[in-house]
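Got a structure here, written out as structure tokens. Questions coming.
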Amino acid sequence: MTNSDPPLLNHYRALFSSHSPQLDDPKNRLVVEECQLPLIDLSGLSNHDETVRRACVAAICGASSEWGFFQVLNHGISPQLVEKMRSEQVKLFKIPFERKASFGLLNNSYRWGSPRATCPKQFSWSEAFHVPLTKVSDEACYGEFISLRAVMIEFAAAMSKLAGLLGSVLTANLGHGKEVIKNLCDEGTCFLRLNHYPACPISPEILGLVRHTDSDFLTILCQDQVGGLQLMKDSKWVTVKPNRDALIVNIGDLFQAWSNGVYKSVEHKVVTNAKMERYSIAYFLCPSYDSSIGSFKEPSIYRKFTFREYRDQVQEDVRKTGYKVGLPRFLVSGRGDLLTGSME
């Protein structure tokens, strides 16, 4: 392997000049146990039978507490829409690196690699467009990719609707009205992220996306069949088996804080594949920057903070150290368990 697009290999070599990357022997890759995430049929939420509805709510809330991750079926996003979105996404990432990085596409939101990485554990072998929802309908963002705009608008709207539904279920379970999450969250801070993980046939220590927790209320992920997502369960990494018909949902830091630790924001990462590239699309449900995040009950594990304060602190930690400290910085002294310091 002599080159890569984006220039991830060059970045890797520049960072680790003392390390000579060699083609990876697949036998050296760690074997991680495969898991089956809780699989929840969301049609149960609209079932006429109250027992079925309650069972569906219990499954969502139980998985959010025990796993921090679950899969959903009958989620309202058609296979045809997913396929159109994936097709447009592939076309977008296939253009040369210079055009992705310099042409201002999708609100100039192109990212690649890990600019602040100083060691292998902080290096992400991936590229992405991290698009604010407020820019999804902006014609000026798309350049020649005219057909992408209509699909992005439809896909973002469907993901927003699903996120609102799941958020309302989770807040209602804690004794709050279903409108709470809608009042907190703001399209101006929600994002749609298009991810591409190129094949990486070098060192197995390189990750597609470094270990981290998500700094939002919840994330909805649409992934392909290549796989690579791993999460921390019972103090060990497990691999998530892809399900063609399901979307993956995970709890973010803000819901863990807001629920006073009832719902869990779990560390996860993406491992690279030596031969196959991987695509995914993530939707991030976030509040307005000035929203106050406080526990729904006392005594609280975390002190109150705004989303702006949280994001600023995370970015400052990453800038200084390459690591995301996250929620432990906001613990009330003497309460709660410190989360493992994670990276972003």
Side-chain angles (χ1 to χ4, degrees), residues 40 42 45 57 60-61 63-65 68-70 72 75-77 106-107 109 129-138 152-194 212-222 247-266 281-297 300 302-315 324 326-327 330 344:
I40 301 170
L42 293 186
L45 293 176
V57 168
I60 293 170
C61 299
S64 298
S65 297
F69 272 79
F70 55 93
V72 292
H75 40 68
I77 301 176
L106 296 181
N107 195 46
S109 63
F129 287 92
H130 196 71
V131 190
L133 286 199
T134 53
K135 294 295 182 179
V136 165
S137 60
D138 187 350
M152 282 272 282
I153 291 173
E154 184 180 0
F155 192 84
M159 293 288 257
S160 296
K161 182 178 180 180
L162 176 58
L165 172 65
L166 294 170
S168 67
V169 168
L170 291 166
T171 54
N173 178 61
L174 299 176
H176 287 259
K178 292 185 176 181
E179 296 301 313
V180 169
I181 199 72
K182 293 180 181 178
N183 293 335
L184 277 173
C185 292
D186 187 335
E187 185 179 89
T189 53
C190 295
F191 288 84
L192 200 63
R193 183 180 176 102
L194 312 183
H212 66 287
T213 55
D214 289 351
S215 303
D216 60 357
F217 269 108
L218 60 82
T219 304
I220 303 174
L221 180 72
C222 176
L247 298 178
I248 292 175
V249 181
N250 68 275
I251 299 298
D253 296 343
L254 302 188
F255 240 143
Q256 175 164 318
W258 193 85
S259 70
N260 210 31
V262 173
Y263 304 138
K264 301 298 190 296
S265 180
V266 174
I281 309 165
Y283 175 91
F284 299 94
L285 180 66
C286 302
S288 62
Y289 283 117
D290 294 325
S291 294
S292 178
I293 308 300
S295 170
F296 79 105
K297 70 174 184 178
S300 177
Y302 307 99
R303 68 174 177 82
K304 287 187 177 181
F305 55 88
T306 65
F307 182 46
R308 186 187 308 279
E309 181 183 3
Y310 189 69
R311 290 294 298 170
D312 288 348
Q313 185 62 66
V314 167
Q315 290 170 5
K324 172 189 173 185
L327 285 179
F330 295 85
E344 188 171 75

In chain order, what residues pass the ring pair (Phe, Tyr, Trp, His ring centres under 6.0 Å) check against Tyr263, with sequence neighbours excluded?
Phe255
For Gly68 versus Val266, what's the shortest heavy-atom pair and its separation?
CA-CG2, 3.9 Å
For Gln256 and Ser265, which heavy atoms make the closest approach, and how far apart are they?
OE1-N, 2.7 Å
At what distance, to the nearest 0.5 angstrom, does CD1 of Ile40 lie from CG of Leu45?
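Result: 9.0 Å between the selected atoms.
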Below 4.5 Å, heavy atoms only, C-beta onward: do Leu184 and Leu254 meet side chain to side chain?
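Contact flag for Leu184/Leu254 side chains = no.
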For the residue pair Asn173 and Ile60, establish whether any side-chain heavy-atom pair is separated by less than 4.5 Å.
no
Please list, one pair per line, the donor and acceptor atoms closer than 3.5 Å that link side chains of residues 152-168 to other protein atoms, with sequence neighbours excluded.
{"unit_1": "Ser160", "atom_1": "OG", "unit_2": "Ala156", "atom_2": "O", "d": "2.9"}
{"unit_1": "Ser160", "atom_1": "OG", "unit_2": "Tyr283", "atom_2": "OH", "d": "3.1"}
{"unit_1": "Ser168", "atom_1": "OG", "unit_2": "Gly164", "atom_2": "O", "d": "3.3"}
{"unit_1": "Ser168", "atom_1": "OG", "unit_2": "Leu165", "atom_2": "O", "d": "2.7"}

Going from CG on Leu221 to CG on Leu247, what distance comes out if it is rounded to the nearest 0.5 angstrom?
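If we round to the nearest 0.5 Å, Leu221:CG and Leu247:CG are 8.0 Å apart.
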Look up atom OG in Ser64 and atom CG in Leu170, then write down how far apart they are to the nearest 0.5 Å.
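These two atoms lie 4.5 Å from each other.
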So, Thr189 side chain and Pro287 main chain: donor-acceptor pair closer than 3.5 Å or not?
yes
Can you tell if the side chain of Ser295 reaches within under 4.5 Å of the side chain of Tyr302, non-hydrogen atoms only?
no
Has Thr213 got a side-chain atom pairing as donor or acceptor with Asp253's backbone, closer than 3.5 angstrom?
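No, the answer is negative, given that no donor and acceptor are paired below the 3.5 Å cut-off.
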Would you kindly say whether Ser288 and Asp186 are connected by a side-chain donor-acceptor distance under 3.5 Å?
no
With Phe330 via ring pair (Phe, Tyr, Trp, His ring centres under 6.0 Å) - residues at least two apart:
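Ring pair (Phe, Tyr, Trp, His ring centres under 6.0 Å) list for Phe330, sorted by chain: Phe305, Tyr310.
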To the nearest 0.5 Å, atom OG1 of Thr219 lies from atom CZ of Phe191 at 12.0 Å
Ignoring hydrogens and angles, tell me if any N or O in the side chain of Ser65 forms a donor-acceptor pair with the backbone of Val262 under 3.5 Å.
yes
Parallel, tilted or perpendicular, judged at 30° and 60°: which one describes the rings of His176 and Phe296?
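The arrangement is perpendicular - the two ring planes meet at more than 60°.
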No-hydrogen, no-angle side-chain donor-acceptor test under 3.5 Å, Ser215 and Lys324
yes
Would you indicate whether the side-chain heavy atoms of Thr171 and Phe217 approach each other to under 4.5 Å?
no
Euclidean distance, Phe307 CZ relative to Cys185 SG, rounded to 0.5 Å:
9.0 Å
Out of curiosity, Lys264 NZ to Ser259 OG, how far, rounded to the nearest 0.5 Å?
7.0 Å
